[in-house]
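Below is one structure, written out as structure tokens; the observations come after it.
So you know, we letter chains A, B, ... as the sequences are listed, proteins then strands, and number each from 1.
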Amino acid sequence: MSIRIEKISKAYGELKVIDDLTLQLPSNGLVSLSGPSGCGKTTLLRLLAGLEQPDSGLIKGIEKRIISMVFQEDRLLPWLSAADNVAAVLSSKRREALNWLERVCLPEEFAGYYPAQLSGGMKRRVALARALARPGELMLLDEPFTGMDTDLKENLFPLLWETATRRLVVLVTHDLTDIEALAGQAYRAEGPPLRLREA
Amino acid sequence: MEPGRKRIKYWQWLPILVFWLLVWQLAYTLIGSDLLLASPLQVGSRLLVLVGEGHFWLTAGLSILRITAGFLLGVAIGVIFAVLTARIRLMWLLFRPVIVAIRATPIASFIILALVWMTKARVVIFIVLLMVVPIVWANVVEGIRKTDPQLLEMAQIFGLTSSQVLRLIYLPSVSPFFLAAVTTALGLGWKAGIAAEVLSTPQPSLGSELYNAKIYLETPNLLAYTLVIIVLSLILEKLLLWVLNRAESYFKTHGRLGDAA
Ligand SMILES: Nc1ncnc2c1ncn2[C@@H]1O[C@H](COP(=O)(O)OP(=O)(O)OP(=O)(O)O)[C@@H](O)[C@H]1O
Ligand SMILES: [Mg+2]
């Protein structure tokens, strides 16, 4: 089932971050958004995740969806190793967790490292592995490539394409070249209030 | 141990100990009254006699038992209250003033009140408990409140169960606060417990020995028992730290994920 965002508005105090936004999203595939800092991208993802409620309007089709997410922050559990962080959402299947870490190109020897011992881009990959590992219908990615080089990103794109055949992936990025490379349905964002233009 | 400080080796603290024993001896010679201050030798020989007596060990054992009982009860009640008040606003509004009042009341007032209310041994347990509960409560509440909301949000999105949230997020977040609380509480609870024993004189107890030493002006006894109380306090603290360390490493290897390597 597709997701329909119908005339939603969201304000923080005086600031209208989202104002009367309507958008239709497919049931699977890759949708990417890029736009300037502060235009409301994260707010839109949080509304889709159900972490914020719109002040008015409706989001249809997210009610019973299983969601996985890469937040703008890594949000890894500091007291668990990289592998255990992934395994935590898998009801403890450690082998599978290691497999996911390998697929996001985290070298095997780092699986036992704690988040504080990993580089910025490595933590990002662990967070991405965690989101991929959770079987869901909607995957929200808030700047998942922060701290990663072009080669690395090119290795990760096929993983997203493959995932997008089975679920809807909504990806937010600053980098326009990412959007071009990723193809899929792309929007240029402006705001606030958030406006989306097909790119 | 404070960060950046090296553990002090025995050959470093031995001369320091000798120095202070000499200062003690000097003070004894200058004061020149066995009533006001006993010499290190007098206290030492008194100690040697004491540890040879079965009664001494019974006394120390019972004091430890009473104070430990109060401490464990206090920790349990403190944690339960912390969870309740951190989660239920009404409980917080209701019990916060009580805890603040307990903290502000001199412990002597409680001891005297408790003497009216209950048997001697219970007075000690009650006083230790009263000392421990507010410390554990305040720290655990702070730990719960300071648990990272971003991690809790992550847990919500990823559908972690409440037991997973407890085990993977709350317990590790609260544990440093809990550790700080119980080590502080043990030291304070121990001293309050001995004070309660002095005033309520349950038999036999270290506190009533102190009391008798005061009544009969037996300064060597007073100092010997004081030394015993200090040493026992240090041993109990070390024991507690050892237990907590064991618990933590057990948690690290077994408590996490079922089939972690
Ligand atoms: N919880 C909040 N309370 C108040 N204002 C908020 C809150 N969350 C976001 N905002 C405001 O909403 C606007 C949009 O924020 P948002 O995080 O959605 O931007 P963004 O497009 O993700 O930016 P960036 O690319 O820098 O991450 C900002 O002006 C921000 O200050
Ligand atoms: Mg953002």
Side-chain angles (χ1 to χ4, degrees), chain A residues 42 45-52 62 64-98 108 111-112 114-116 123 126-142 170, chain B residues 3-4 79 82-83 86 139-140 142-183 241 243-261:
Chain A
T42 297
L45 287 191
R46 291 179 59 82
L47 283 160
L48 282 169
L51 293 171
E52 307 278 351
I62 55 165
K64 286 191 200 82
R65 284 192 185 235
I66 297 171
I67 296 171
S68 71
M69 187 164 183
V70 171
F71 294 87
Q72 188 156 3
E73 311 81 21
D74 300 315
R75 303 202 186 187
L76 300 174
L77 300 173
W79 34 81
L80 294 191
S81 68
D84 283 341
N85 261 288
V86 178
V89 304
L90 274 170
S91 47
S92 302
K93 293 185 197 110
R94 194 179 163 84
R95 175 156 308 197
E96 210 177 309
L98 291 174
E108 204 184 331
Y114 289 91
K123 280 185 279 204
V126 177
L128 181 61
R130 178 174 67 184
L132 288 163
R134 177 166 161 82
E137 299 156 291
L138 174 60
M139 186 154 82
L140 305 169
L141 306 175
D142 202 344
V170 181
Chain B
V79 169
V83 172
N139 274 273
V140 173
E142 199 190 346
I144 295 173
R145 297 238 157 115
K146 287 204 174 141
T147 300
D148 189 350
Q150 293 198 336
L151 293 182
L152 294 172
E153 219 176 54
M154 181 280 291
Q156 183 193 335
I157 287 291
F158 282 90
L160 299 193
T161 63
S162 354
S163 94
Q164 279 179 308
V165 171
L166 181 70
R167 199 161 46 86
L168 296 175
I169 300 180
Y170 278 115
L171 281 184
S173 303
V174 173
S175 87
F177 293 87
F178 178 75
L179 242 76
V182 290
T183 41
L241 286 176
V243 169
L244 290 172
N245 266 328
R246 288 301 299 261
E248 202 194 357
S249 57
Y250 178 85
F251 173 74
K252 274 203 171 134
T253 45
H254 300 264
R256 288 216 164 122
L257 306 163
D259 57 347

Query raised in the report: Can you say whether A:Arg134 sits under 4.5 Å from chain B via the side chain, the backbone, both, or neither, judging by heavy atoms?
Result: side chain
Query raised in the report: Rounded to the nearest 0.5 Å, how far does CG of A:Leu90 lie from CZ of B:Phe158?
Result: 10.0 Å
Query raised in the report: Out of curiosity, A:Ile66 CD1 to B:Ile157 CD1, how far, rounded to the nearest 0.5 Å?
Result: 12.0 Å
**Report entry** Least distance between heavy atoms, B:Leu151 atom then A:Pro78 atom
**Finding:** CD1-CD, 4.1 Å
Report task. Taking A:Trp79 for its side chain and B:Ser173 for its backbone only, find out whether a donor-acceptor pair lies under 3.5 Å. Result -> no
Query raised in the report: Do the non-hydrogen side-chain atoms of B:Met154 and A:Glu73 ever get within less than 4.5 Å of each other?
Result: no
**Report entry** Point-to-point distance, once rounded to the nearest 0.5 Å, from CD1 of A:Ile67 to CD of B:Gln156
**Finding:** 9.5 Å
Query - Contacting moiety of A:Leu51, where chain B heavy atoms sit under 4.5 Å - result: side chain
